[in-house]
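Single-structure report; data block below.
Below, all heavy atoms of this structure are taken into account, side chains as well, without hydrogens, waters or symmetry copies. Each chain gets a letter, A, B and so on, in the order its sequence line appears, and its residues count up from 1.
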Amino acid sequence: MTFAKSYEPGDYESDIYAAWEAAGIFEPTVPTVPTDDDGNGIDDREKITNSSTFSIVMPPPNANGNLHIGHGLTIALEDSLTRYYRLRGESTWYIPGADHAGFETWVVYEKELEKQGHTRFEYSRDDLYARVWDFVAKQRGNMELQLRALGASCAWDDLTFTLDENVIDRVYTTFEKMWNDGLIYRDEKLVNYCPKHRTAFADIEVEHKDEKGTLWDIEYKLAEDSDGPVHSLIVSTTRPETLFGDTAVAVNPEDKRYKSLIGKHVKLPLTDRTIPIIADEHADPEYGTGAVKITPAHDFDDFEVGERHQLERIKVISENGTMINVPNEYEGLTTTECRKKVLKDLKEAGLLRGEKKIEHSVGHCYKCGTVLEPMLKEQWFVDVAKLAKTAIVHLENDEIRFFPANKKSILINYYKGLKDWNISRQIPWGIAIPMFRKADDSATDEPDWIFDRRTNLREIEKAGVTYVRDEDTFDTWFSSSHWPIVCTDWTEENYNPYYPLNVMETGADILFAWVARMIMMGLYVTGEVPFKEVYLHGLVLDEHGKKMSKSKGNVINPMDLVTKYGSDAFRLGILRGRSAGMNQAFSENSVIAGRNLCNKLWNISRLVQSIVDKSEDSISDSYTTENMGEDWICREINDCLEQVAADMENYRFAEAVETIYSTIWDKYADWFLESQKLFRNTSLLKHTLEALLIALHPFAPFVTEVIWQNLSWADGFIATKKWPKSFEFDPISAENFENIRIIVSEARSTLAALGSANNAKKYDLLYDNDSLVEDNLLLIKALLKVPAINPLNGAPRGLRLALANHEVYLDVPEKAVNDYRDALTEKILSVGRELDALNLRMSNPNYVEKAPEHLVKETKDAITEKTALIARLKQQLELI
RNA sequence: GGAUCUUUAGCUCAGUUGGCUAGAGCGCACGAUUCACAUUCGUGAGGUCACUGGUUCGAAUCCAGUAAGAUCCACCA
């Protein structure tokens, strides 16, 4: 292959990925379990602990969805880590996943059903499960192709789908253990319920929004005669339709107005029921009239009040959102219709005493936006107290490092306030809860519920008693909390070198929903934390710093960017300027900068290859440095490699990329390669180019691999090479080159200041008594592009460069020097200001006394240098 | 109501335990150009580090407060 004039990512990327995949280089090299002679797994740690491993799991994208920009960031982060540790020689295992996305997929499928004129109620649970399975199978595959396009170097053979058998098995094993440990219980509680989707949610899934609403005042007349002035209670409510479910009115025990009424009763409007007046702290004397209706079946606070006072729970709203257990004329109305009628009837009865507009927060379904109904339902709950407590102990023991670090205490706080976890969902698309209910009431000695794995059966028989399967499925977070365990094939029997994971990388927004639960579950199942480090990324915002959303129309599709600029450019661009946990704006400019870097590297390689082609040297594994530029680039590359290693250790991706970027561009291309146009050290060129390619490979895998495949001397895949060793060089020689750079830069800057009117570039350079310049005439001439460099020979003339330690002049005519007079004066003033600042510092005895020695020395040296510089510049000014 | 985070150049962001003249990319201005690259090269302009106090020899950095913005948790009859 030869190098085209510019790098066109689209011409190579898919072939390169296919070649990697065919070569099987993404598979880990150390087995998960050592085996005995019969091929059975054994617990022989000796056999595998000698090799080091790096494991990381992919937060599974929706199996039948498309990747969004957040996935793009996720892959860029995770794959950079994976490829970096692969180059560092670890047995890396990046385990890909696909999510059945229980609720999301269900919502999509249900819409599809509706389009076809059907509803879920026409089918059995098992039918629906099979239908969604087919639906997903047909849609599947897009996201896996997109992961490949992004360059994810994951072990495809080990892809885990969240409904795989081993996942379900593990989840059932855990559930059984929890059931036996008494951590699972069934209870009738209020849950957040979406009447449209007809399923309950966990607290964490509820989306609270501030909304405008109305607060109505309703009069409840006292049932008993009263001696005092009070003959009725006014209660305030935003939900008048629930009054049929009221079983008490509460007042605050300290509220003097109502003290005498406690224990008496009121008539419930529009009904013939009377309900008691109770005393409870929940009633706030300052709010409204201080009296509050209590509806235990339809309000979370009221439920708790009801618990305290053993109030009856009357359920007046059904699962489909219509009224039940209410007077005939209201029966079957929707809640909205019922509210209207109740208000109308109250008004007619003269019991509606006022209304005002308020703003309050209301729970919504995060998918369809429907207002959630607190609904009384029997559900399975996990008693989280012990799990959370254990998790806190391990976190406080610093067994997991967090990036950003403050998330640890946030998580501990969360665990402290964690309520029991509702794991039942009324959605067919998910893992069936392996519990069966006794069908025959007469078998009184048998338990009401039994655990059984045979969830493919609707009915089972045990000890002659028939049991019917619970129709519900697990909350997807219950199964995904096992993710590190199931992906690494962790088992009770054998030591697994990939568990715990080295790092869990995911979005900061699911710290509670996912990370918190993986930690609890990992500890419960394996006794170990499931990962040693957690890196949380923030949201990718649009270019103006706003959240991306379909409704705003500001969504950026990562695949469009990959097509337009290449996968590497996208990865480099999305990593730039990003740090752990921060929401950050996306900037297409950064992707463009990434694209430019790829092209730059391509052309650097093209130049190096052309030099190698012309060279008559035989290919050699060793190198020597023969001039200053070579020593200098070795020094710079060593610094770069060290810096990148430190950055990766601390998950500072943006800094790592920045470091390599400037080493490749500002140092290697701009200075070293320019100098190599004179001195052609082919074996060093090869080694240094390889080092830079390898250093960039984790972040830009495609272009580095394409170049690698193109280089005449390189073999194998760069993806599996070893991280470069540091280069040997002469530090004094390297520092000399640094001085040449300073001279050249100063000369360029002065030439530019002389301006185009003076046709600056035709001036010669003069030097006096300066061996560094004298010994490097050719190099300086090439870098500076001046016509000639000559010894001064005689009195100073032309324009002296503002260098303290070198006597170098630009051979400009007197007129041009005069034109430069103002610039020179300004320069003297500005150096003078710096000198003043330094002198001021030294004149402070506290500084000299208390600041570290090396700083004081640096200050002294700077003063000496600047003093000399000013003297020389002033001398020059006098000459003019 | 509780908590966390952010505020640095026109834009998007770095700036690790306090320490040289606060940096990068993009944008802007001026200049260059056969001979790796216009996805290029060179030079430059541009910052009261949100504000007010404090600690310190020294503060963008640490502390306290104020302002603006963002996010999360809880709750609002």
In whole Å, what separates the [atom1] atom of [N] from that of [M]?
N      : M      : atom1 : answer
A22(B) : G46(B) : C1'   : 14 Å
C62(B) : U17(B) : P     : 8 Å
G25(B) : G15(B) : C1'   : 15 Å
U56(B) : G2(B)  : C1'   : 34 Å
G69(B) : A50(B) : C1'   : 11 Å
U4(B)  : U40(B) : P     : 45 Å
G18(B) : A60(B) : C1'   : 10 Å
G31(B) : G53(B) : P     : 46 Å

Can you tell me the base-pairing partner of [N]? Count Watson-Crick or G-U wobble geometry only, both distances below 3.5 Å, and say none if there is no partner.
N      : result
G44(B) : C28(B)
G53(B) : C63(B)
U17(B) : none
C72(B) : G2(B)

Ignoring hydrogens and angles, answer whether the base of [N] and the side-chain atoms of [X] contain a donor-acceptor pair closer than 3.5 Å.
X         : N      : answer
Lys677(A) : A36(B) : yes
Lys547(A) : U71(B) : no
Gln584(A) : A14(B) : no

(request) Please determine if Arg517(A) forms a cation-pi arrangement with Trp421(A), meaning its NZ or CZ atom is less than 6.0 Å from the six-membered ring centre and no more than 45° off the ring axis. (result) yes
(message) Does the structure place the NZ or CZ of Arg401(A) under 6.0 Å from the centre of the six-membered ring of Tyr651(A), at an angle of no more than 45° from the ring's axis?
(response)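 No, Arg401(A) does not lie over the aromatic ring of Tyr651(A).
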(request) Locate the shortest heavy-atom distance separating Gly245(A) from Pro296(A); write the atom from each residue and the value. (result)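 Looking at all heavy atoms of both residues, the closest pair is O-CD, 3.9 Å.
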Take atom [atom1] in [X]; do more than 12 heavy atoms of anything else shown fall under 6.0 Å from it?
X         : atom1 : answer
Glu738(A) : CD    : yes
Lys408(A) : NZ    : yes
Arg353(A) : CZ    : no

Establish, with yes or no, whether the OP1 or OP2 oxygen of [N] is under 4.0 angstrom from a side-chain nitrogen or oxygen of [X].
X         : N      : value
Arg841(A) : G19(B) : no
Ser749(A) : G44(B) : yes
Trp665(A) : C41(B) : yes
Lys600(A) : C41(B) : yes
Ser579(A) : A14(B) : yes

Please work out if [X] contacts a base, only the sugar-phosphate, or nothing of the nucleic acid, heavy-atom cut-off 4.0 Å.
X         : result
Ala851(A) : base
Phe512(A) : sugar-phosphate
Ala669(A) : base
Asp670(A) : sugar-phosphate
Glu674(A) : base
Ile410(A) : sugar-phosphate
Glu658(A) : sugar-phosphate
Glu543(A) : sugar-phosphate
Ser590(A) : nothing
Pro845(A) : nothing
Gln609(A) : nothing

(message) Could you check, using the six-membered ring where one of them is a Trp, whether Tyr12(A) and Tyr7(A) have ring centers closer than 6.0 angstrom?
(response)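 Judged by ring-centre distance (under 6.0 Å), Tyr12(A) and Tyr7(A) do meet the cut-off.
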Nucleotide of [options] approaching [X] most closely (side-chain heavy atoms):
X         : options                : result
Ala585(A) : U39(B), A70(B), U12(B) : U12(B)
Lys419(A) : C75(B), U21(B), C57(B) : C75(B)
Arg576(A) : A24(B), C5(B), G42(B)  : A24(B)
Arg606(A) : U71(B), C37(B), G19(B) : C37(B)

(message) Both Ser587(A) and Glu8(A) contact RNA chain B. Which one's nearest nucleotide lies toward the 5' end?
(response) Ser587(A)
(message) Here's a test of your reading of the structure: between Cys598(A) and Asp509(A), which maps to the more 5' nucleotide of RNA chain B?
(response) Cys598(A)
(request) Measure the distance from CZ on Arg595(A) to C1' on C26(B) and round it to the nearest whole Å. (result)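 Spelled out: CZ on Arg595(A) to C1' on C26(B) is 12 Å.
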(request) Nearest whole angstrom, please: distance from the P of U71(B) to the CG of Asn406(A). (result) 17 Å
(request) In sequence, state the C-alpha distance, the side-chain angles, and the governing distance for Leu572(A) and Ser590(A), and then conclude on side chain to side chain contact (heavy atoms under 4.5 Å, CB included). (result) CA-CA 8 Å; Leu572(A) 293 166; Ser590(A) 297; over 6 Å; no
